[in-house]
Amino acid sequence: MYDFREWCHVFKLDPNKEISDEKLEKICESGTDAVIVGGTDGVTLEKVLDLMARIRRFTVPCVLEISSIETVTPGFDLYFIPTIINSNDPKWITGLHRQAVKEFGDIMDWEEIVMEGYCILNKDCKAAKLTSADSELTTEDVKAYAMMAEKMFQLPIFYLEYSGQYGNVNLVADVKKVLNNTTLFYGGGITTPEKAAEMANHADVVVVGNAIYEDFDNALATVKSVR
Ligand SMILES: CC(C)=CCC/C(C)=C/CC/C(C)=C/CC/C(C)=C/CC/C(C)=C/CC/C(C)=C/CC/C(C)=C/COP(=O)(O)OP(=O)(O)O
Ligand SMILES: O=P(O)(O)OC[C@@H](O)CO
Ligand SMILES: [Mg+2]
């Protein structure tokens, strides 16, 4: 099994955004630990399949981060399943998951499936709005969620999500201190190698998403900055 516990950098590619073959090759051959396919809106099965087939020309581990049941398809190395632990709506914590397991439970290969406990902290991002996340949290609240993720629910990943916004470095550092076994992912607003390095001082894995589409050269440069 691909071991995300050894990763420190991943790119997240959005099936709803266009990327040229040339740029995709640079991303996949960059030395990043994995490429995650995921996004919140406009993600269709056709777009997921197209992106998967293009990434599959390279050897980089390829992960589907599932955002809807309709876009689940075989062919990825791993499947990351978000559960939004600071959502006010149970649908996004266990509701959709129950429906999916009813549908796919018998054919699921649990070795390929990794649960992500998401804590969404940018109240203005699409994912926060979609999932009715309560993002007005103190550091103590977020630390409590992190401990719940690890100690109560034994989630393999705790994901601090600031999608589109560079987050609070001190908060990330404080959260890291309460985690022993659960891997800490940080994502949001990493647009330069310096920001990637700063967050990588604390988070186990940094995720670079939008910068791929907005400032490609700086996005690519984040890989080496976290090593
Ligand atoms: C046939 C086959 C291969 C079977 C495989 C078996 C398998 C893996 C089955 C799946 C079983 C299962 C339990 C699925 C989960 C079902 C599900 C839909 C769960 C809900 C997931 C969820 C909470 C989604 C919420 C949205 C979310 C948090 C998405 C994560 C991505 C994210 C935060 C992106 C950031 O936003 P972005 O879109 O990039 O924003 P911008 O456009 O502004 O950048
Ligand atoms: O798009 P950005 O802001 O880089 O965030 C990355 C990722 O955490 C999004 O789910
Ligand atoms: Mg995005």
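All heavy atoms count here, side chains included; hydrogens, waters and symmetry mates do not. Both counts, for ligands and for their atoms, begin at 1 and track the order of listing.
- Of the N or O atoms in Gly189, one or more lie within a sub-3.5 Å distance of an N or O in ligand 2.
- Here the straight-line distance linking atom OG1 of Thr73 with atom CD of Glu46 works out to 12.5 Å at 0.5 Å rounding.
- When only interatomic distances are considered, the shortest N/O to N/O separation between Glu161 and ligand 2 falls below 3.5 Å.
- Residue Val72 holds the heavy atom nearest to atom 2 (C) of ligand 1 of all those in Val72, Ile36, Asp89.
- Short contacts between ligand 1 and Ile107, defined as distances under 4.0 Å to a heavy atom of the residue, involve ligand atoms 1 (C).
- Not a single N or O atom of Thr131, backbone or side chain, sits closer than 3.5 Å to an N or O atom of ligand 1.
- Annotation: Gly164 places an N or O atom under 3.5 Å from an N or O atom of ligand 2; distance criterion only.
- Residue Ser163 places a heavy atom less than 4.0 Å from ligand 1.
- Every atom of ligand 1 is numbered from 1 in the order shown, and the set under 4.0 Å from a heavy atom of Ile81 is 11 (C), 12 (C), 13 (C), 14 (C), 15 (C).
- Within ligand 1, counting atoms from 1 as listed, the ones closer than 4.0 Å to a heavy atom of Ala100 are 11 (C), 12 (C), 13 (C), 14 (C), 16 (C).
- Heavy-atom proximity to Glu161, at under 4.0 Å, picks out these atoms of ligand 1: 33 (C).
- Shown in contact with Asn210 at under 4.0 Å from a heavy atom are these atoms of ligand 1, numbered in order with element: 44 (O).
- Around atom 1 (O) of ligand 2, the closest heavy atom drawn from Ile36, Ile212, Asp14, Asn210 belongs to Asn210.
- Not a single heavy atom of Ala211 sits closer than 4.0 Å to an atom of ligand 2.
- Taking the six-membered ring where the residue is Trp, Tyr186 and Tyr162 present tilted rings, their angle falling between 30° and 60°.
- The single protein non-hydrogen atom nearest to atom 31 (C) of ligand 1 is Glu65 OE1, 3.2 Å, given as residue, atom name and distance.
- Here the protein heavy atom with the shortest distance to atom 41 (P) of ligand 1 is Lys126 NZ, 3.6 Å.
- Counting the atoms of ligand 2 from 1 in the order shown, those under 4.0 Å from a heavy atom of Ser163 are 3 (O), 5 (O).
- Here Leu160 contributes atom CG and Leu121 contributes atom CG; the two are 6.0 Å apart, rounded to the nearest 0.5 Å.
- For the Mg ion (ligand 3), the nearby protein N/O/S atoms, meaning those under 2.8 Å, are Asn210 OD1.
- Close approach to Gly39 involves these atoms of ligand 1, each under 4.0 Å from a residue heavy atom: 38 (O).
- In this structure, Gly164 has no heavy atom closer than 4.0 Å to ligand 1.
- Shown in contact with Ser68 at under 4.0 Å from a heavy atom are these atoms of ligand 1, numbered in order with element: 18 (C).
- With a heavy-atom cut-off of 4.0 Å, Lys91 does not touch ligand 1 at all.
- Proximity to Ile84 (heavy-atom distance under 4.0 Å) selects the following atoms of ligand 1: 23 (C), 28 (C).
- Contacts of Glu140 classified as salt bridge (charged side-chain N to carboxylate O under 4.0 Å, His left out), with partners at least two apart in sequence or in another chain: Lys143.
- Between the side chain of Asp134 and the backbone N or O of Asn86, no donor-acceptor pair lies under 3.5 Å.
- Given atom 39 (O) of ligand 1, the protein heavy atom at minimum distance is Asp14 OD2, 4.1 Å.
- The protein atom (non-hydrogen) at minimum distance from atom 17 (C) of ligand 1 is Leu96 CB, 3.8 Å.
- The single protein non-hydrogen atom nearest to atom 3 (C) of ligand 1 is Pro74 N, 3.3 Å, given as residue, atom name and distance.
- By the 4.0 Å heavy-atom criterion, Glu103 is excluded from the residues contacting ligand 1.
- Proximity of Glu112 to ligand 1, defined as any heavy-atom pair under 4.0 Å, is not found for any part of the residue.
- Only side-chain heavy atoms of Tyr79 come within less than 4.0 Å of ligand 1; its backbone N, CA, C and O stay farther off.
- Checking only distances, Thr40 does come within under 3.5 Å of ligand 1, N or O to N or O.
- Taking 4.0 Å as the cut-off, Cys125 does not count as a neighbour of ligand 1 on heavy-atom distance.
- The nearest heavy-atom contact from the protein to atom 4 (O) of ligand 2 is Gly209 N, 3.0 Å.
- At least one N/O-N/O distance between Tyr159 and ligand 2 falls below 3.5 Å.
- Rounded to the nearest 0.5 angstrom, Phe216 CZ and Lys26 NZ are separated by 6.0 Å.
- Expressed to the nearest 0.5 Å, how far CG of Leu184 lies from CZ of Phe158 amounts to 7.5 Å.
- Ligand 2 has no nitrogen or oxygen under 3.5 angstrom from a nitrogen or oxygen of Val208.
- The protein heavy-atom contact nearest to atom 10 (C) of ligand 1 is Ile66 CD1, 3.6 Å.
- Inclusion of Tyr118 in the set of residues having an N or O under 3.5 Å from an N or O of ligand 2 is not warranted.
- Annotation: cation-pi geometry satisfied between Lys195 and Tyr166 (NZ/CZ under 6.0 angstrom from ring centroid, within 45° of ring axis).
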